[in-house]
Amino acid sequence: PDTQLETPGLVFPTGFVWGAATSAYQIEGALDVDGRGRSIWDTFCATPGRVVNGEDARVAIDHYNRYRDDVRLMADLGLSAYRFSVSWSRIQPLGSGAINNKGLDFYKNLVDELLSYGIDPWLTLYHWDLPQALEDAGGWPSRDTSKRFADFAAAVHGALGDRVKNWSTVNEPWCAALLGYASGEHAPGRREPAKAIHAAHHLNLAHGLAVEAMRAQHADSRIAGSVNLYAVTPATESEADQDAARRVDGLQNRFFLDALMYGRYPEDVLADLSHLTTPDEFIQDGDLAAIAAPLDMLMINYYSRFTVSGAPGGAQSAAAAPTDSGSPWVGSEHVGFVNGGRPVTSMGWEVDGTGLYEVLTRLAREYPSIPLYISENGAAYDDVLTEDGTVHDAERRDFIDTHLRVCHQAIEGGVPLQGYFAWSLMDNFEWAWGYDKRFGLVYVDYSTQTRILKDSALWYAETIRHGGLRGPAE
Ligand code: PNW
């Protein structure tokens, strides 16, 4: 990075990781090639009423065929790291048993391509695309899925652990469990609240067993857990609103953090759930110790703040599902989410950088000394491709600028934050929203698959080049 900033700016520590993120299902396409098996998202997309406009990811942004061009784009942006996920169904078409080498080869080639440009590959093992065969056998509510995941992790790590240093296990277990099995707004679309809690536990267990399996192979790998955290505030100081905020913070944040970091589930959350399920129905001896396997780092996805009320009605996730769905707030279905009066992105999510500051400083206080990375942060806006082939996404640039300033402030205050990955590198298949929501730094023309750098991408590249932000905040 330039040491000569033109105006005094915010310089990040040397070695700060500047990245961007994607996930396999959202970008790859090529679902029927090279022996890939079906995943729960294939099934979900094929079910009417689940994804906006009946869209699917058969082509997505054709990254499977265009990965070389996409890596060149990352190099042009100057990324130091790229976070991506691998598709379990490509590597083990039925979720267990023999490895499909053609599927694995795709990721070997991708990793080699990244390394040839000096871009550090950060591999996520699971970003929601469970092999359909495992769902047919019970899915995440079934304990056996955790063991299958550990085998899968060992296979991928065995094959790529020599060239991939940074690993994360399960992306956002809250989403996979609660959106997949309680609200049903994500695959597999089940609405079984008690089973969703069992799924959450088995996702945590899968994480722990995978860490153990990987440690046994390459001792020098750096391994992370990955959670999506929110700042949570009560709508008013009333007891009902404060209790609602405690519940949402409990299930969203503490349930996963306490498990991964301390090997326990918060007592108050277990009490909130007790009329649906009790620990003896899903926790077995040794599970909590396995889940708390020591980690090298924690990866945090941050998007927004929740302002929560105890008033009945209106309970839904931040995502405010586009399709008919239940509540992901298992045991607290009566809680409501109110508008906190901040500007919103086109997901309807409130923009709140101070929420990220709260999340980071809380982590440093309550879960001290583990290195932190922002593994996703970004925003969807209604981008317009102009006739001269540019996209003036000032709002996205401002969003990232605001959140990076907060990161810098947190680092100054002693928070061990060591990197930032923008979500997302490119526009892509936004789950239940299909192609309706664009999160990319890079615009994708879905009819031609042309990639166009948005203004935010050019700005991010400049930020990386300077190792920080120029000028004071406006
Ligand atoms: C994350 N919620 O999803 C995922 O990791 C990405 O794959 C996704 O594209 C991105 O954020 C944007 O949505 C989330 O309801 C989906 O709270 C839903 C929620 C949170 C994160």
Side-chain angles (χ1 to χ4, degrees), residues 20-28 41 44 51-52 55 57 60-61 63 83-85 87 122 124-129 168-187 196 200 203 224-232 248-249 251-253 255-256 299-308 315-323 325-330 335 337 344-352 355 359 373-381 396 399 403 421-441 444:
T22 64
S23 87
Y25 200 74
Q26 295 180 272
I27 65 171
E28 288 177 359
W41 272 94
F44 192 73
V51 177
V52 167
E55 286 166 344
I61 60 169
H63 173 74
R83 172 178 180 247
F84 63 97
S85 76
S87 156
W122 285 55
T124 297
L125 284 161
Y126 184 73
H127 201 124
W128 307 353
D129 43 357
S168 82
T169 55
V170 175
N171 175 67
E172 303 183 344
W174 183 89
C175 288
L178 282 313
L179 301 180
Y181 293 90
S183 72
E185 63 204 92
H186 281 181
L203 283 150
S226 152
V227 282
N228 58 314
L229 304 179
Y230 288 81
V232 183
V248 168
D249 175 55
L251 189 59
Q252 178 76 59
N253 301 324
F255 188 84
F256 296 94
M299 298 183 46
I300 304 141
N301 298 351
Y302 174 83
Y303 288 95
S304 191
R305 176 192 299 275
F306 290 151
T307 307
V308 188
Q316 54 191 190
S317 73
T323 51
S325 65
S327 167
W329 302 104
V330 173
V335 303
F337 292 80
V344 294
T345 68
S346 63
M347 293 296 278
W349 299 353
E350 291 187 35
V351 178
D352 188 3
V359 165
Y373 291 83
I374 306 286
S375 41
E376 290 182 21
N377 175 239
Y381 286 107
R396 182 175 293 100
F399 182 100
H403 288 78
F421 292 78
W423 183 271
S424 178
L425 175 68
M426 301 174 281
D427 293 336
N428 59 47
F429 177 72
E430 177 52 31
W431 306 114
W433 293 92
Y435 299 97
D436 203 48
K437 306 292 180 196
R438 294 178 177 273
F439 274 89
L441 298 170
V444 178

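Values reported hereafter were calculated over all heavy atoms of this structure, with side chains retained and with hydrogens, waters and symmetry mates removed. All ligand and atom numbering here is 1-based and tracks the order in the structure.
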Kindly say whether G434 contributes a backbone atom to a donor-acceptor pair with the side chain of D436 at under 3.5 angstrom?
no
Please could you name the atoms of ligand 1 that F439 approaches to less than 4.0 Å, counting only its heavy atoms?
12 (C), 13 (O)
side-chain contact (heavy atoms from CB on, under 4.5 Å) between F337 and V308: does it pass, once the steps are laid out?
CA-CA 5 Å; F337 292 80; V308 188; 4.2 Å; yes
Proximal ligand 1 atoms for H127, defined as those under 4.0 Å from one of its heavy atoms
4 (C), 5 (O), 6 (C), 7 (O)
What do you reckon, does N171 have a nitrogen or oxygen under 3.5 Å from a nitrogen or oxygen of ligand 1?
yes
Using modelled atom types only, decide if a donor and an acceptor are shared between the side chain of S85 and the backbone of L125 within a distance under 3.5 Å.
no
Scan side-chain atoms only and decide if S168 and T124 contain a donor-acceptor pair under the 3.5 Å cut-off.
yes
Is there at least one pair of N or O atoms, one from E430 and one from ligand 1, spaced under 3.5 Å apart?
yes
Any N or O on W431 sitting closer than 3.5 Å to an N or O of ligand 1?
yes
Residues R83 and S375: closest non-hydrogen pair is NH1-O, 3.3 Å
Residues G326 and E185: closest non-hydrogen pair is O-OE1, 4.4 Å
Out of W128, Y303, Y230, the nearest non-hydrogen contact to atom 17 (O) of ligand 1 is supplied by Y230
With heavy atoms only and a cut-off of under 4.0 Å, state how C175 meets ligand 1: side chain, backbone, both or neither.
side chain
Show me which atoms of ligand 1 lie under 4.0 Å from any heavy atom of Q26.
6 (C), 7 (O), 9 (O)
Where do N428 and W423 come nearest, in terms of heavy atoms and distance?
ND2-CZ2, 4.0 Å
Where on Y25 is there a heavy atom closer than 4.0 Å to ligand 1, on the side chain, on the backbone, on both, or on neither?
neither
Of the non-hydrogen atoms in D352 and Y302, which two are nearest, and what is the gap between them?
O-OH, 2.6 Å
Atom indices of ligand 1, in the order listed, that fall short of 4.0 Å to a heavy atom of N228:
20 (C)
I want to know if ligand 1 touches E376 in the polar sense, i.e. an N/O pair below 3.5 angstrom.
yes
Answer with side chain, backbone, both or neither: which part of E172 has a heavy atom less than 4.0 angstrom from an atom of ligand 1?
side chain
Any idea how W174 and W329 line up, ring-wise: parallel (<30°), tilted (30 to 60°), or perpendicular (>60°)?
tilted
Quick one: which ligand 1 atoms are inside 4.0 Å of a heavy atom on L179?
15 (O), 18 (C)
